[in-house]
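First the structure, in the form of structure tokens, and then the observations on it.
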Amino acid sequence: MFQAQNSESDVFEAAYRASRDYQAGLNDRTVMPTDAAIKSLKSLHTAMPDAATDDVSIINELHAIGSPATVATTGGRFFGFVVGGALPVAVASNWLASTWDQNAGSWLLSPIAGELESVAGAWMLDLLGLPKEAVFGFVTGATMATFSSVAAARSSLLRRQGYNVKQKGLSGAPTLRVVMSEEIHPTNTTALGYAGIGLDQIATCSVDDQGRIIPDKMPALDANTLVMLQAGNINSGSFDDFTTVCVKAKAAGAWVHVDGAFGLWARASEKKSHLAAGIEMADSWSVDGHKWLNLPQDSAIYFCKDAEAVHDVFGVSATYLMQDANRQPNNFTPELSRRARGVEFWATLKSLGRQGVADIVDRSCHFATLFRSGLEQAGYKVLNDVVLNQVVFTAANETQTKAALKLIQASGRVWLGPTTWKGQYAMRISVSSAATTLADVEESLAIMTDALKQVRIAQV
Ligand SMILES: *Cc1c(COP(=O)(O)O)cnc(C)c1O
């Protein structure tokens, strides 16, 4: 095996072969790594090597030890969380972008990265029906997208009260209030913390049976308030009532941010966009590329109507960065040097077109309804209104639910996890991989049906 020297093409060939081999094996492997695959990770724990190792053997070792220890989220039967798969064009454009190794922070350092972000950002605004004048930044995930938006919101709300946070810092600033649902994704609280907004500043609102904010029960809003809404509840998939809340917020001078990590994509579907009606009235939005659009991980975007607020936070004016007429990517993101995230956004949106994006959303939602009816037929109880890609369900009681979930997971052919919904232990299905087929849904349903039968027999 050992080769003293490899040419560059040898190592790229090895990576290409390993990737093809991984892809080809996806359907036959277990969704989660086997115990043996996890055990063999121990062999990675060696001392820092003194001598060099040839590159091809490193890629081969990565494939031999690493590939089996992955979770097959790019396959069709991982339903555990909304993580999305990775479309071929997304992976391929990401490979090419890695080869380019562009520093996407400045237009001068990468004209192609800069232009692709400008184009892909504008396409996204159009596709999602958001205000054309909104600015955007390409970040790692929805958490950072929300942080970026919250930082802009903070700057804007304080500026309107005559306080310049960039100049004076937070310590003497008026205390902002945050109003959000008790059901909001926990990363929103994390993002608020990064922006210096603490738990004591948050007022939570009660929600209805689907986890939506009840607008009438919201605390009073004012010009010192940041409202955080949700497009796509991580359990039920439900959407807050954007129109009602945004009208209230506008009247009060409050800022509205929407966490649309996966749910914002509903706007791309004619069948589902009604769920997100009025969302364009908000001030800022977060959405992941690495979930429902099926881009590789480390890919999200935020949009913000208030360009001045974004500039307040991220605007850089160091002369060496050579500001010019071109959009400077780093004026919109927390980082300076970073990878060219716009590349796979552009390639994938071009590959899919409007219709293709809508198809991914519609297909996932359709599969979720097949799961709902199949599970009900099998004797499970579905707890949520299946409006999107999420299905929350139980067996007759917690003991049975736990036992059934254990059997489903042990099948190795499909993976989903537990959640808590309205205080009840439940199982949750999220359909978000573009690789999921009808055959995957049918095979998974057969396993779930069989699991409940076995649990019932064992209990008699
Ligand atoms: C996944 C998710 C997040 C966090 O997104 P990251 O991309 O993991 O940072 C936030 N909100 C919702 C609703 C999510 O599904």
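Note that ligands are numbered from 1 as they come in the structure, with each ligand's atoms numbered from 1 the same way. Heads up: numbering here begins at 1 and tracks the sequence. Computed from a predicted structure; not experimentally measured.
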Run the salt-bridge test on R159 and D306 with the 4.0 Å N-O cut-off and return the result as yes or no.
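So R159 pairs with D306 through a salt bridge.
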
Assess the side chains of T401 and T394: does a donor N or O sit below 3.5 Å from an acceptor N or O?
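Absent: no donor and acceptor within the cut-off.
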
What pairs with R363 under salt bridge (Lys or Arg N to Asp or Glu O under 4.0 Å), at least two apart in sequence or on another chain?
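Applying salt bridge (Lys or Arg N to Asp or Glu O under 4.0 Å) to R363 gives none.
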
Residues in salt bridge (Lys or Arg N to Asp or Glu O under 4.0 Å) contact with E443, at least two apart in sequence or another chain
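By the salt bridge (Lys or Arg N to Asp or Glu O under 4.0 Å) rule, E443 matches R77, R413.
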
Sequence neighbours left out, what passes side chain to side chain donor-acceptor pair (under 3.5 Å) with D259? Give chain and number order.
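Per chain and number, D259 pairs via side chain to side chain donor-acceptor pair (under 3.5 Å) with N188.
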
Are any of the side-chain heavy atoms of W255 and R160 separated by less than 4.5 Å?
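Yes, at least one pair of side-chain atoms sits under 4.5 Å.
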
I'd like a table of the close N/O pairs between ligand 1 and the protein (anything under 3.5 Å), one pair per line with both atom names and the distance.
unit_1, atom_1, unit_2, atom_2, d
ligand 1, 5 (O), D288, OD2, 3.4
ligand 1, 5 (O), K291, NZ, 3.4
ligand 1, 7 (O), A142, N, 2.9
ligand 1, 7 (O), D288, OD1, 2.9
ligand 1, 7 (O), D288, OD2, 2.9
ligand 1, 7 (O), H290, NE2, 2.8
ligand 1, 9 (O), A142, N, 3.2
ligand 1, 9 (O), T143, N, 2.9
ligand 1, 9 (O), T143, OG1, 2.6
ligand 1, 11 (N), D259, OD1, 3.2
ligand 1, 11 (N), D259, OD2, 2.7
ligand 1, 15 (O), K291, NZ, 2.9

